[in-house]
Structure formats: C-alpha cells, structure tokens
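Worksheet for the structure shown next.
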Amino acid sequence: MVQYSSPPLDLSFAALSDATRRGIIDQLGRGDASITSLADKFQMTLTGMKKHVQVLERAGLVVTQKVGRVRTCALGKRGLKAEAEWIEAHRKLFEARFEALDEIISEMKQEESDGSAS
C-alpha cells in the first residue's frame with residue numbers, strides 16, 4: 001500500500017475549501033476567540049466547531065491555547081505566503097494561456113473576414 005503524507009499546501013487548501021473554516025479565519029483576523037464564541041457565531045455545536053478548528057490547526061493556520069476551561073483560538077504565525085505564491089504562479093500560467101488563445105481567435109477571425117471579402 002502506498003503511504004501518502006499530505007504536504008503543507010494540501011493541508012492548507014483542504015482546510016480552506018470549507019466556507020465555515022474560511023469564516024473562522026476571517027473572524028480570527030479580527031481578534032482571538034474562544035471555541036465557544038466561534039460556535040455561537042457560526043450557530044453550531046461545540047463538537048462541530050472543535051472539528052473545524054482541528055483541521056485548521058493541522059494545516060498550521062490556527063493555534064489554540066487552553067487556559068482553565070477555555071480554549072482560545074488565534075491565527076497561526078506562518079500565514080498563507082506559500083499558498084499565495086502557488087496561486088500567483090498558476091494565475092500567471094493561466095493568463096499566458098488565455099492570451100495565446102485570444103491571439104489564435106483573433107487570427108482566425110481575421111482570416112475569416114479576409115476570406116469573406118474575396
């Protein structure tokens with residue numbers, strides 16, 4: 001059986017693929033919050049919120065600290081630099097391909113109009 005370990009980008013993109021987890025990141029961007037307050041804000045159970053936070057923690061996007069009975073969440077220190085660089089590189093690739101396609105379409109239209117003018 002093939003063993004597969006998820007690279008950091010896979011963990012990040014998987015974590016960010018869920019709207020609730022993106023909302024948690026947005027909320028934590030405004031300030032640290034307890035799991036209880038996050039669960040209230042997103043109208044979900046504590047268990048459900050804990051699962052979302054664990055996914056974000058595994059990806060390194062969120063860190064938690066337990067003080068007494070309260071677990072507080074904060075944005076992770078690593079940020080999204082690697083993810084942004086990956087997206088930018090692929091955006092440039094797509095942009096270049098679309099520009100090449102636009103050129104081909106323009107040439108075809110020009111040939112078509114030249115041919116119908118004869």
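Each residue takes its place number in the sequence, starting with 1. Hydrogens, waters and symmetry mates are skipped; everything else that's a heavy atom, side chains included, is used.
Within the 4.5 Å cutoff, the side chain of Gln65 has heavy atoms near those of the Val67 side chain.
Taking Arg58 as the reference, nothing meets the salt bridge (Lys or Arg N to Asp or Glu O under 4.0 Å) condition, with sequence neighbours excluded.
Taking hydrophobic clusters as Ile, Leu, Val, Met, Phe, Trp and Tyr residues chained together by side-chain heavy-atom distances below 4.5 Å, Leu75 does not share a cluster with Val63. A single hydrophobic cluster is not seen to contain both Val55 and Phe13; linkage of ILVMFWY side chains at heavy-atom distances under 4.5 Å, directly or through other members, places them apart. Taken together through direct or relayed side-chain contacts under 4.5 Å among Ile, Leu, Val, Met, Phe, Trp and Tyr, Leu46 and Val62 form part of one hydrophobic cluster. Each of Ile25 and Leu11 belongs to its own hydrophobic cluster when Ile, Leu, Val, Met, Phe, Trp and Tyr are linked at side-chain heavy-atom distances under 4.5 angstrom.
A donor-acceptor pair is defined here as one N or O able to donate and one able to accept, closer than 3.5 Å; no such pair exists between the side chain of Arg71 and the backbone of Ser34.
Under a 4.0 Å N-O distance rule, the pair Arg91/Glu88 qualifies as a salt bridge.
The distance from atom SG of Cys73 to atom NE2 of His52, rounded to the nearest 0.5 Å, is 12.5 Å. Going from atom CD of Gln27 over to atom CD1 of Ile24 covers 9.5 Å, rounded to the nearest 0.5 Å. For the atom pair Glu83 CD and Leu16 CG, the distance stands at 7.0 Å (nearest 0.5 Å). Between the OG atom in Ser37 and the CE atom in Met49 there is a gap of 8.5 Å [rounded to 0.5 Å]. For the atom pair CG (Leu80) and CG (Leu61), the distance works out to 5.5 Å, reported to the nearest 0.5 Å. Put simply, CG on Leu28 and CG on Leu56 are 8.0 Å apart, with the number rounded to the nearest 0.5 Å.
Residue Arg69 places its CZ atom among 12 or fewer non-hydrogen atoms of other residues, nucleotides or ligands, all under 6.0 Å distant.
What you find for Leu9 and Trp86 is that their closest heavy atoms are CD1-CD1, 3.8 Å. Nearest heavy-atom pair, Ala15 versus Ala59, reported as atom, atom and distance to 0.1 Å: CB-CB, 4.0 Å.
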